[in-house]
Amino acid sequence: AQLGQVNIDRITRNPFNAGSVLPKILHLKDHEPAHFAQTKQVLLGAKDLIIFRLTGSAVCDPTTAATTGMYDFDHGRWTHAWMTDLQLDTIRLPVLHAAGEVVGQVHGAAAKATGLPQGLDVMCGLGDAAATTLGAGMTHASQSYAYLGTSGWVATLAQDFHRGDMPLFLLPYPEPGWHIRIGPISNAGSVHRWALQFTLKETEAQAYAELESLVASTITDPDLVFLPYLSPERLP
């Protein structure tokens, strides 16, 4: 209501909902004011917390930033004006760096805690979707791939924006001029685990074995469709 849905779509080029980081910060402000008052810095990924503990640097990569609901996609920067408009400008956002940039060195306390050499260079790294896309060997827009883990997605590369890209997520890619078009769901392998409860086996290994046996011995029914929406979904 304050920022305008059209404005949000135009600037972030990504779906914006309660799962986005910006609404989560607002929820903290509205419902846990004591905790919000103590919050000075926001970190956005597990790797970013590790980097902060190792070096004291608060950083983030563009791929992760694009999923937060407060990243200006076309200009590659945070929407600091929104933070001011929403009275969130007391909170520092991490500095944006490319994945391969050195963002600090392991300090003394971290070296002692981890066994890593003091002064070791630490790079920014990148979000899981970009890392997986690189690992899948994606090089041009005619390729696509599917990832299945606890969550899952289908993704491809693009250089241009397409009518109807919403509600797909668009993520900056480490290769200049490219971005990732990605449709993620929160439930993939987690659905597989959920199904184990129906096998009534004592151990997880036995349950997985029986489940695989049942699947292999079952004739596929083309009229049966399972939509894996066991928890609130991002897409569609």
Side-chain angles (χ1 to χ4, degrees), residues 1-104 107 122-131 151 153 161 165-174 176 178-182 184 186 232-235:
Q2 286 182 260
L3 303 177
Q5 187 65 55
V6 172
N7 196 37
I8 291 171
D9 292 345
R10 177 180 60 83
I11 291 176
T12 69
R13 292 190 181 271
N14 275 292
F16 184 89
N17 52 46
S20 304
V21 175
L22 182 55
K24 289 180 179 179
I25 297 174
L26 282 169
H27 187 276
L28 184 71
K29 175 177 177 287
D30 293 340
H31 297 279
E32 299 184 42
H35 287 142
F36 177 81
Q38 299 174 46
T39 303
K40 304 302 178 186
Q41 176 73 59
V42 171
L43 298 172
L44 299 168
K47 71 172 181 63
D48 301 329
L49 175 61
I50 293 172
I51 291 170
F52 184 75
R53 293 286 179 85
L54 290 176
T55 69
S57 299
V59 301
C60 185
D61 64 283
T63 307
T64 301
T67 67
T68 63
M70 49 189 178
Y71 179 76
D72 185 333
F73 195 99
D74 290 346
H75 295 96
R77 63 195 182 198
W78 296 118
T79 54
H80 288 292
W82 289 2
M83 303 298 284
T84 300
D85 293 343
L86 298 171
Q87 300 179 331
L88 300 175
D89 49 358
T90 58
I91 294 179
R92 293 189 302 271
L93 297 177
V95 179
L96 294 172
H97 288 277
E101 288 186 19
V102 173
V103 296
H107 55 59
V122 178
M123 292 182 179
C124 181
L126 69 172
D128 57 354
S151 63
W153 62 73
F161 299 105
D165 265 337
M166 290 290 200
L168 291 177
F169 283 86
L170 302 180
L171 308 177
Y173 195 52
W178 292 94
H179 61 268
I180 307 168
R181 302 176 72 239
I182 181 170
S186 297
E233 271 300 342
R234 294 175 287 185
L235 292 172

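Quick note: numbers below take in every heavy atom, side chains included, and nothing from hydrogens, waters or symmetry partners. None of the values given here were measured: they were computed from a predicted structure. In this chain, residues are counted from 1 in sequence order.
A donor-acceptor pair under 3.5 Å links the side-chain atoms of T39 to the main chain of H35, judged by distance alone. Distance alone, capped at 3.5 Å, places no donor-acceptor pair between the D89 side chain and the H80 backbone. At least one donor-acceptor pair under 3.5 Å links the side chain of S57 to the backbone N or O of V103. Remark: the backbone N or O of A65 is not paired with any side-chain donor or acceptor of W78 at under 3.5 angstrom. The closest donor-acceptor contact from the side chain of S20 to the backbone of N17 lies under 3.5 Å.
At least one side-chain heavy atom of I25 sits under 4.5 Å from a side-chain heavy atom of M70. Residues L49 and R53 meet the side-chain proximity criterion, which asks for heavy atoms closer than 4.5 Å. Contact of the W153 side chain with the I180 side chain is not registered, since no non-hydrogen atoms from C-beta on lie closer than 4.5 Å. Two residues are said to be in side-chain contact when any heavy atoms from C-beta on lie closer than 4.5 Å; L93 and M83 meet this criterion. Within the 4.5 Å cutoff, the side chain of D48 has no heavy atoms near those of the P94 side chain. At least one side-chain heavy atom of I91 sits under 4.5 Å from a side-chain heavy atom of F36.
H31 NE2: more than 12 foreign heavy atoms inside a 6.0 Å radius. Few gaps surround CD on Q5; more than 12 heavy atoms of other groups in view lie less than 6.0 Å from it.
With rounding to the nearest 0.5 Å, the separation of NZ in K47 from CE in M123 is 12.5 Å.
Contact between C124 and D61 at its shortest, heavy atoms only, is SG-N, 3.8 Å. The heavy-atom pair separating F16 from G69 by the smallest distance is CE1-O, 3.5 Å. Across every non-hydrogen atom of R92 and Q41, the tightest pair is O-NE2, 3.0 Å. Of all heavy-atom pairs between T12 and F73, the closest is O-CB, 3.7 Å.
When each of N14, L96, T79, I11 is tested with Y71 by the rule side-chain contact (heavy atoms from CB on, under 4.5 Å), just one qualifies, namely L96.
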